Amino acid sequence: MGKFDFKKYHVRAMNASSETEKLAINKELKDYYNSLEDADKAIFNEELQSFLIKEMANIKSVYDGATGQTEN
């Protein structure tokens with residue numbers, strides 16, 4: 001597991017009751033990022049990219065399963 005817990009922000013945003021709440025969660029994450037030292041910002045960026053790639057792969061897998069598509 002990485003240093004930063006992106007999943008908690010992701011789950012909160014998915015369960016947000018309004019666009020305003022989603023924007024507030026996004027601002028909270030941006031404010032957190034801005035509070036970091038430069039070295040931690042680099043780690044944050046790497047871990048965020050890795051998290052997003054994994055989430056997109058999960059979404060693609062679910063989509064492909066739902067639509068019956070497979071990779072060649």
Side-chain angles (χ1 to χ4, degrees):
M1 184 194 237
K3 183 174 182 174
F4 301 101
D5 184 6
F6 298 107
K7 190 153 190 107
K8 74 178 181 181
Y9 291 100
H10 181 63
V11 170
R12 284 175 55 211
M14 285 189 321
N15 293 318
S17 61
S18 67
E19 198 58 34
T20 301
E21 186 178 356
K22 285 181 186 179
L23 290 172
I25 293 165
N26 191 38
K27 183 178 180 332
E28 180 183 334
L29 186 58
K30 285 180 181 181
D31 290 347
Y32 177 66
Y33 174 82
N34 288 331
S35 75
L36 298 173
E37 300 291 327
D38 287 344
D40 285 331
K41 284 181 180 179
I43 295 167
F44 180 101
N45 288 332
E46 288 174 16
E47 290 184 9
L48 178 58
Q49 183 175 6
S50 178
F51 174 79
L52 292 173
I53 289 168
K54 288 176 187 172
E55 286 301 308
M56 291 304 294
N58 288 340
I59 290 168
K60 182 179 180 341
S61 177
V62 170
Y63 175 81
D64 288 349
T67 60
Q69 296 181 11
T70 59
E71 289 190 30
N72 294 329

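Everything numeric here is computed off the predicted structure, so don't read it as measured data.
Atom CZ of F6 is separated from atom CD of Q49 by 11.0 Å, given to the nearest 0.5 angstrom. A distance of 9.5 Å separates CG of L52 from CD1 of I59, quoted to the nearest 0.5 Å. In this structure, CG on L29 lies 10.0 Å from CG on N34, to the nearest 0.5 angstrom. For the atom pair E46 CD and L48 CG, the distance stands at 11.0 Å (nearest 0.5 Å). Distance check: M14 CE to I25 CD1 gives 10.5 Å after rounding to the nearest 0.5 Å.
Under a cut-off of 6.0 angstrom, the local environment of NZ in K41 is crowded, with over 12 non-hydrogen atoms contributed by other residues, nucleotides or ligands.
The closest donor-acceptor contact from the side chain of D40 to the backbone of L36 lies at 3.5 Å or more, if one exists at all.
For the 3.5 Å distance criterion, the side chains of N26 and Y9 fail to qualify, holding no donor opposite an acceptor.
Applying the salt bridge (charged side-chain N to carboxylate O under 4.0 Å, His left out) definition to pairs two or more places apart or across chains, those involving residues 15-28 are R12-E28, K27-D31.
Ring geometry for H10 against F51 counts as perpendicular: the plane angle is over 60°, on a 0 to 90° scale with 30° as the lower cut.
For the pair K3 and F44, the cation does not sit on the ring face, since its NZ or CZ is not both under 6.0 Å from the ring centre and inside 45° of the axis.
Applying the side chain to side chain contact (heavy atoms under 4.5 Å, CB included) test to K54 and every residue at least two apart in sequence or in another chain returns S50.
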